[in-house]
Peer 1: 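Next up is a structure, given as structure tokens.
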Amino acid sequence: MERLVRQARFWLGLAVLGTMVFAGTGCRMLFTTVAYLVKGTQVDAEYDGLRGKKVVVVCRPAATLTFGNPTVADDLARQLATLLQANVSRIQIVSHQKVKAWTDENDWMDYPEVGKAMNADMVVGVDLLDFSIYRGQTLYQGVANVSIVVHDCKNGKEVYQKHLPQMLWPPNSGIAASEMPEPQFRRRFVRELADNIGRHFYPHDKQSDFARDVDAL
């Protein structure tokens, strides 16, 4: 008798599962659950075409930033290049010092010019449109607006472009200026901004966003 009951439960379970598969919402829930179990919280790169390529990273600041934040573009490009080198398979990053020396000595208008001068396969260009670290006179809270673009130097085509949502860090509240020196906060914000950009080019764990926000509190 117990054997018959177990068999009945087994076939009932299959029937319920089948119903979920063929039901619209149930089907989505089922596949979402399966995907989570298989993949976890890993998020794929939006653009993965940098793998195995020789890449130049360049950041171009808005003219208004060259006075109050004269080094932020170089700092951001250097940090982004480091992250790409660490997280993108078989990538070859052209040294930031070499890129900076060329851009300082040459008049250039477009990112592909820099990539071609470095004999690179790809160039990752970052337009830094806005950057500030203060919310009021005694409170730090970084704000930045950036656009990113990738050019294929071999065929002369733009292969990826995106204007990122405004970044606010820490996202929920500021940090009192008395708690850390300004250069330290600036460095932390640049690292967070570089990571936010870099994640478009390599897989990452989306739960780490929450961990970073908690760490900033």
Side-chain angles (χ1 to χ4, degrees), residues 43-133 142-169 183 185-204:
V43 178
D44 291 333
E46 281 194 17
Y47 179 76
D48 62 357
L50 302 181
R51 290 181 296 176
K53 301 294 179 62
K54 183 178 180 181
V55 177
V56 167
V57 179
V58 187
C59 181
R60 181 169 53 190
T64 54
L65 299 178
T66 57
F67 300 101
N69 298 279
T71 66
V72 66
D74 284 337
D75 295 341
L76 181 58
R78 184 185 298 106
Q79 186 65 38
L80 177 58
T82 299
L83 289 171
L84 294 177
Q85 184 71 67
N87 292 282
V88 178
S89 175
R90 297 179 290 108
I91 194 172
Q92 179 186 352
I93 295 290
V94 178
S95 74
H96 177 72
Q97 291 79 6
K98 184 176 180 180
V99 175
K100 184 174 179 355
W102 189 90
T103 55
D104 286 347
E105 295 173 2
N106 293 271
D107 292 328
W108 60 282
M109 295 293 294
D110 301 312
Y111 290 120
E113 294 179 53
V114 186
K116 290 178 181 178
M118 300 291 105
N119 196 29
D121 301 312
M122 318 286 284
V123 55
V124 176
V126 179
D127 283 316
L128 186 60
L129 308 174
D130 185 35
F131 181 92
S132 64
I133 62 170
V143 179
N145 288 287
V146 301
S147 290
I148 51 180
V149 61
V150 178
H151 288 274
D152 187 325
C153 299
K154 300 304 181 182
N155 61 28
K157 293 183 178 180
E158 180 182 302
V159 293
Y160 178 78
Q161 192 277 336
K162 186 168 186 177
H163 182 82
L164 275 59
Q166 183 181 73
M167 183 172 180
L168 186 68
W169 188 88
F185 180 84
R186 186 186 301 272
R187 287 193 299 270
R188 289 192 62 181
F189 182 44
V190 168
R191 286 199 300 268
E192 296 296 330
L193 181 57
D195 187 53
N196 192 40
I197 297 169
R199 287 167 177 236
H200 292 76
F201 304 108
Y202 48 79
H204 63 278

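Because only heavy atoms are used, hydrogens play no part in the values below, and waters and symmetry mates are left out as well, while side chains stay in.
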Peer 1: Measure from the side-chain N and O atoms of His200 to the backbone N and O of Asn196, and report whether any donor-acceptor pair falls under 3.5 Å.
Peer 2: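 Between the backbone of Asn196 and the side chain of His200 there is a qualifying donor-acceptor contact (under 3.5 Å).
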Peer 1: Go through the steps to decide whether Ser147 and Leu129 satisfy the test side chain to side chain contact (heavy atoms under 4.5 Å, CB included), and finish with yes or no.
Peer 2: CA-CA 8 Å; Ser147 290; Leu129 308 174; 3.9 Å; yes
Peer 1: Write out all pairs satisfying ring pair (Phe, Tyr, Trp, His ring centres under 6.0 Å) with one or both partners inside residues 43-84, taking only residues at least two apart or from two chains.
Peer 2: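 Listed once each, the pairs are Tyr47-Tyr160.
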Peer 1: Identify the residue among Val123, Ile93, Asp74, Val94 that makes a side chain to side chain contact (heavy atoms under 4.5 Å, CB included) with Val99.
Peer 2: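 For Val99, the side chain to side chain contact (heavy atoms under 4.5 Å, CB included) check succeeds only for Val94.
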Peer 1: Quick one: closest heavy-atom pair of Cys153 and Gly115, and the distance?
Peer 2: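 Residues Cys153 and Gly115, closest heavy atoms: SG-CA, 3.7 Å.
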Peer 1: Taking the side chain as everything from C-beta on, heavy atoms only, tell me whether His151 gets closer than 4.5 Å to Lys157.
Peer 2: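 Counting from C-beta outward, His151 and Lys157 never come under 4.5 Å.
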Peer 1: Under the side chain to side chain contact (heavy atoms under 4.5 Å, CB included) rule, what do Val72 and Leu128 come out as? Steps first, then yes or no, please.
Peer 2: CA-CA 9 Å; Val72 66; Leu128 186 60; 3.6 Å; yes
Peer 1: Can you find a pair of side-chain heavy atoms, one from Lys54 and one from Asn119, that are under 4.5 Å apart?
Peer 2: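 When only atoms from C-beta onward are counted, Asn119 and Lys54 do touch, with a gap below 4.5 Å.
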Peer 1: Does any non-hydrogen side-chain atom of Phe201 lie less than 4.5 Å from one of Leu84?
Peer 2: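 Side-chain contact under 4.5 Å: yes.
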Peer 1: Report the distance from atom CE of Met122 to atom CZ of Arg51, rounding to the nearest 0.5 Å.
Peer 2: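 CZ of Arg51 is found 12.0 Å from CE of Met122.
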Peer 1: How many angstroms lie between atom CZ of Arg187 and atom CD of Glu192, to the nearest 0.5 angstrom?
Peer 2: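 Output value for this atom pair is 14.0 Å.
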Peer 1: Indicate the atoms forming the closest heavy-atom contact of Met118 with Lys98, along with that distance.
Peer 2: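 Heavy atoms of Met118 and Lys98 come nearest at SD-CG, 3.8 Å.
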Peer 1: Find the distance between CG (Leu164) and CD1 (Ile148) and round it off to the nearest 0.5 Å.
Peer 2: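 Answer for the CG-CD1 pair, Leu164 versus Ile148, is 5.0 Å.
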Peer 1: Go through Arg60 and Trp108 one step at a time and tell me if the side chain to side chain contact (heavy atoms under 4.5 Å, CB included) criterion holds.
Peer 2: CA-CA 11 Å; Arg60 181 169 53 190; Trp108 60 282; 4.0 Å; yes
Peer 1: Give, for atom CG of Leu193 and atom CG of Leu76, the distance between the pair rounded to the nearest 0.5 Å.
Peer 2: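 Leu193 atom CG to Leu76 atom CG measures 5.0 Å (nearest 0.5 Å).
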Peer 1: What's the separation between atom CG in Asp130 and atom CD in Gln166, rounded to the nearest 0.5 Å?
Peer 2: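 The CG atom of Asp130 sits 7.0 Å away from the CD atom of Gln166.
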Peer 1: Do the side chain of Glu113 and the main chain of Asp110 share a donor and acceptor less than 3.5 angstrom apart?
Peer 2: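 Yes; at least one donor-acceptor contact below 3.5 Å.
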Peer 1: Asp44 and Tyr202: side-chain donor and acceptor closer than 3.5 Å?
Peer 2: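 No.
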Peer 1: Check Gly142 against Phe189 and note the closest heavy-atom contact, atom names and distance.
Peer 2: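 Looks like C-CZ, 3.4 Å.
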Peer 1: Okay, side chain of Asn69, backbone of Leu65: is any donor-acceptor separation there less than 3.5 Å?
Peer 2: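 Looks like no, no N/O pair under 3.5 Å.
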Peer 1: Kindly determine whether Phe131 and Arg186 satisfy side chain to side chain contact (heavy atoms under 4.5 Å, CB included), including the steps that lead there.
Peer 2: CA-CA 10 Å; Phe131 181 92; Arg186 186 186 301 272; 3.8 Å; yes
Peer 1: Answer with yes or no whether the side chains of Asn87 and Arg199 bring together a donor and an acceptor at under 3.5 Å.
Peer 2: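 The criterion, which ignores hydrogens and geometry beyond distance, is not satisfied for Asn87 and Arg199.
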Peer 1: Donor-acceptor pair, Gln92 side chain versus Gly52 backbone, under 3.5 Å?
Peer 2: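 Side chain of Gln92 to backbone of Gly52: no pair is present.
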Peer 1: If you measure from NE2 on His96 to CZ on Arg78, what distance do you get to the nearest 0.5 Å?
Peer 2: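 One finds 4.0 Å between NE2 of His96 and CZ of Arg78.
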Peer 1: Sequence neighbours excluded, which residues qualify as salt bridge (Lys or Arg N to Asp or Glu O under 4.0 Å) partners of Asp152?
Peer 2: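 Applying salt bridge (Lys or Arg N to Asp or Glu O under 4.0 Å) to Asp152 gives none.
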Peer 1: Pick out which of Asp127, Ile197, Val126 makes a side chain to side chain contact (heavy atoms under 4.5 Å, CB included) with Cys59.
Peer 2: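 In the set Asp127, Ile197, Val126, the residue that makes a side chain to side chain contact (heavy atoms under 4.5 Å, CB included) with Cys59 is Val126.
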